Amino acid sequence: MESDLKHHDLTGKIIGASYRVHQFLGNGFQEVIYQRALVYEFEKAELTFEREIDQQIFYRDLEYPIGTRRADFVVDGKVLVEIKAVSELEDVHMAQALNYLKAYKLEVGLLINFGSKSMEFKRLILSRR
């Protein structure tokens, strides 16, 4: 239960930083602009993060990767953060974020959209079943 609370606290800080970015910039910019602003907010909030780290994708029992993916952020080694700057989140964005969770072997993720008038986010939990 303690780790759930820790992740809840961590995702709360990430969401708060995202709201600050959206409040200042609004919508209408490219993803990279929001990404750079989030770096500033994450550093200000003293969050540990990695940005755009490559993750190899493996298929079945192949011993070599079939490609790589790059998530926007992994915060504190625990929470994947995928950002979008689109008018509306779609199922394909959710599928992408869930696939990144699998690839990065993480359970908790946030899909954050800066492209709509109000910032929106989806909290994702990857079940280990």
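Bear in mind the structure is a predicted one, so any value in this text is a computation, not a measurement.
Atom-to-atom distance recorded for E120:CD and E88:CD is 7.5 Å, nearest 0.5 angstrom. For the atom pair R69 CZ and N99 CG, the distance stands at 9.5 Å (nearest 0.5 Å). Atoms NZ and CG, on K122 and N113 in that order, are 10.0 Å from each other to the nearest 0.5 Å. Distance check: L89 CG to S116 OG gives 7.0 Å after rounding to the nearest 0.5 Å.
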Next on the checklist: Quick one, I125 with L101, criterion side chain to side chain contact (heavy atoms under 4.5 Å, CB included). Give me CA distance, side-chain angles, the key distance, then yes/no.
Outcome noted: CA-CA 9 Å; I125 307 293; L101 281 177; over 6 Å; no
Next on the checklist: I'd like to know whether L110 forms a side chain to side chain contact (heavy atoms under 4.5 Å, CB included) with R123, so could you lay out the CA-CA distance, the side-chain angles of the two residues, the decisive distance to 0.1 Å, and finally the verdict.
Outcome noted: CA-CA 5 Å; L110 290 171; R123 191 181 311 257; 4.1 Å; yes
Next on the checklist: Show, in sequence, the C-alpha distance, side-chain angles and deciding distance for L80 and V108, and conclude whether the side chain to side chain contact (heavy atoms under 4.5 Å, CB included) test is met.
Outcome noted: CA-CA 6 Å; L80 179 129; V108 179; over 6 Å; no
Checklist entry - Can you check side chain to side chain contact (heavy atoms under 4.5 Å, CB included) on L106 and L126, steps first, answer last? => result CA-CA 7 Å; L106 295 170; L126 186 64; over 6 Å; no
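When each of Y100, F42, Y34, Y104 is checked for a ring pair (Phe, Tyr, Trp, His ring centres under 6.0 Å) with F73, only F42 meets the rule. Between D72 and the choices K84, R51, Q35, the side chain to side chain donor-acceptor pair (under 3.5 Å) rule is met once, by Q35.
Counting heavy atoms from C-beta outward, S18 and L38 have side chains that approach closer than 4.5 Å. In this structure, the side chains of F49 and E43 come closer than 4.5 Å at one or more pairs of heavy atoms. For the pair L98/L111, no side-chain contact is recorded, criterion being any heavy-atom separation below 4.5 Å from C-beta on. Counting only heavy atoms from C-beta outward, the side chains of L25 and F114 never approach each other to under 4.5 Å.
Note on Y40 and V81: separate hydrophobic clusters, where clusters join Ile, Leu, Val, Met, Phe, Trp and Tyr whose side-chain heavy atoms are under 4.5 Å apart, directly or indirectly. Under the 4.5 Å side-chain contact rule for hydrophobic residues, I112 and V32 share a cluster. The cluster map of Ile, Leu, Val, Met, Phe, Trp and Tyr, joined by side-chain heavy atoms under 4.5 Å apart, puts F121 and F24 in the same cluster.
Annotation: side-chain contact (heavy atoms from CB on, under 4.5 Å) contacts of R60 (sequence neighbours excluded): none.
Remark: the backbone N or O of K78 is not paired with any side-chain donor or acceptor of D76 at under 3.5 angstrom. Checking side-chain atoms of H22 against main-chain N and O of Y19 turns up no donor-acceptor pair under 3.5 Å.
The shortest heavy-atom contact between A103 and I57 is CB-CD1, 3.4 Å. Taking every heavy atom of both residues into account, E82 and A71 meet most closely at OE1-CA, 3.7 Å. Shown here for K117 and N27, the closest heavy-atom pair between the two residues is N-ND2, 3.7 Å.
Taking a 6.0 Å sphere around CZ of F58, one finds it holds more than 12 heavy atoms contributed by other residues, nucleotides or ligands. For E52, the CD atom sits in a packed shell: over 12 heavy atoms of surrounding residues, nucleotides or ligands are nearer than 6.0 Å.
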